[in-house]
> 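Input: one structure, supplied below.
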Protein chains: 2
Amino acid sequence: MTRKLPDKTVERLSQYRRALLNTLSGGKHHIFSHEIANLLHITAVQVRRDIMLIGYTGTLRQGYDVNELIDIIGKIIDTREGQKVAVIGIGNLGRAIMGYFSGKRTRLNIVAAFDSNPDKTDKIYAGVPCYHSDKMMEIIKNEGISIAVISVPGEFAEKVAEDLTMAGIKGILNFSPKPLNVPAHVYLQEFDMLTMLEKVAYFVKKS
Amino acid sequence: MTRKLPDKTVERLSQYRRALLNTLSGGKHHIFSHEIANLLHITAVQVRRDIMLIGYTGTLRQGYDVNELIDIIGKIIDTREGQKVAVIGIGNLGRAIMGYFSGKRTRLNIVAAFDSNPDKTDKIYAGVPCYHSDKMMEIIKNEGISIAVISVPGEFAEKVAEDLTMAGIKGILNFSPKPLNVPAHVYLQEFDMLTMLEKVAYFVKKS
DNA sequence: AAATTACTGTTATTTTAATAACAATGTTAT
DNA sequence: ATAACATTGTTATTAAAATAACAGTAATTT
């Protein structure tokens, strides 16, 4: 394997897996491409194409084996050892993210949170210890944290990203409205709520 | 105008405007395409192309007039009367969204929040009144709210989307991890944090 | 046994988005 | 005055993603 998968396929694989886990807990062990498609409101062709790209093949007339497919997707998007994640900034958004994750069985473990407000630090949130930002670089290095979620206000985001980069982070998910600049070896995903809301507004206006 | 703009251009316009407002408050009244590009970490060609698409033209050697460009973008993405927005579900995420918005001068006004937990209702959050979900459909109709942000847990998202549709909502921004199905006349934007984090993890693993 | 059906897997086509190439032109330098 | 420069606006090209078309085939029906 290790053919390069399209970005969008990777996104959908994550969604397929979630849907498949649901299916499984409903006691269903086989599923057709069009059933997956319905769950995600996309087309069956797209599902089959994605599954083709990851090299799995179903059986005619029976569809895909749910367990197998979950495993294959896991092999592709998870690492064996798991990856450690830190959340920077535990305002409402930071806490929402930690809440989303708690209980989810995944190879992504949120192992630390950081905040610059001493009132918030040295406590546990959703099972995750929150440290003062001063210790961020040190802890990230020592713990081998590879992924960071930035949920600080825009004005601090840039500095945080710099520090994270220096501490050797490998991937950043940025929720702040401030576009970041990181070296090419750091994977960056921007996630801008305000833009998305304005986009919805634009298309509503058009329609 | 009213040529149909590419999706991605619409997203960037929103970001250009934010950057331009910043520029303006820094006392700068003209800006080059490459300066905008640097702020957003994209290319200057892309900026010029987007600006071409909205029909604005700068002046050679001086670049774009910041005020004019802000206005033009506003004409395209805002409506004259503004649009009313509701936030459904005020857990951490819902509150984060309301916090992001408070103070932002925009034509999008969050005018109501809804929650099914009576402990949270009949209070004001970030200046926005929160009502019980029972009143959702009624208030949305009466107030003429056209856009909804869904920030409820996945298991309730579908029902909420149905109700919103029935109440005549025009656009939905869905933060729940559950993919929604809405009629074609409702514009839907999905926004799935878990997927995005898994995507980052995948590309980190690859690198 | 032949035809039909209901699926998968794959290639071909179209659509959308990004990038590159470059012509046009006012400004500055010589 | 001429040449070099810096910048815009636009067209052409490439890349990425989605969709369509369809071949293959086991199961089912006739």
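None of the values given here were measured: they were computed from a predicted structure.
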> To the nearest angstrom, how far is A/Asp50 atom CG from D/dT19 atom P?
11 Å

> Over how many whole Å does the gap from A/Leu40 atom CG to D/dA18 atom C1' extend?
15 Å

> Measuring from atom NE2 of B/His30 to atom OG1 of B/Thr59, what distance do you get when rounded to the nearest 0.5 angstrom?
5.5 Å

> Are A/Leu164 and A/Val186 close enough that some pair of their side-chain heavy atoms sits under 4.5 Å apart?
no

> Please write out each protein N/O paired with an N/O of nucleotides 4-6 of chain C under 3.5 Å, distance rounded to 0.1 Å.
unit_1 : atom_1 : unit_2  : atom_2 : d
C/dT5  : O2     : A/Arg61 : NH1    : 2.8
C/dT5  : O2     : A/Arg61 : NH2    : 3.4
C/dA6  : O4'    : A/Arg61 : NH1    : 3.0
C/dA6  : N3     : A/Arg61 : NH1    : 3.2

> Do the rings of A/Phe114 and A/Tyr131 sit parallel, tilted or perpendicular, given the 30° and 60° boundaries?
tilted

> Do the rings of B/Tyr187 and A/Phe203 sit parallel, tilted or perpendicular, given the 30° and 60° boundaries?
parallel

> Under a plain distance cut-off of 3.5 Å, with no hydrogens placed, do A/Ser116 and A/Ser133 share a side-chain donor-acceptor pair?
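Note: A/Ser133 and A/Ser116 side chains miss the donor-acceptor criterion.
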
> What does the list of N/O pairs under 3.5 Å between the protein and nucleotides 10-17 of chain C look like, with a distance for each?
none

> So A/Ser33, base contact, sugar-phosphate only, or nothing? Heavy-atom distance under 4.0 Å.
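Sugar-phosphate only.
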
> Nearest whole angstrom, please: distance from the C1' of D/dG9 to the CG of B/Leu69.
15 Å

> From CD of B/Gln62 over to P of C/dT27, roughly how many Å is that when rounded to an integer?
8 Å

> Between C1' on C/dC7 and CD1 on A/Ile31, what's the gap in Å once rounded to a whole number?
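Roughly 14 Å, once rounded to whole Å.
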
> Which heavy-atom pair separates A/Val47 from A/Tyr16 by the least distance, and what is that distance?
CA-OH, 3.4 Å

> Whole angstroms only, please: what is the NE2-C1' distance between B/His30 and D/dT8?
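Roughly 14 Å, once rounded to whole Å.
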
> Under 4.0 angstrom, heavy atoms only, what part of the nucleic acid is B/Thr9 near: base, sugar-phosphate, or nothing?
nothing

> Hey, what do you get for CD (A/Gln46) to CD1 (A/Ile36), rounding to the nearest 0.5 Å?
12.0 Å

> Looking at B/Lys159 and B/Asp163, is any side-chain nitrogen of the basic one under 4.0 Å from a carboxylate oxygen of the acidic one?
yes

> How long is the span from the NZ atom in A/Lys199 to the NZ atom in B/Lys8, to the nearest 0.5 Å?
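If I round to the nearest 0.5 Å, the distance is 6.0 Å.
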
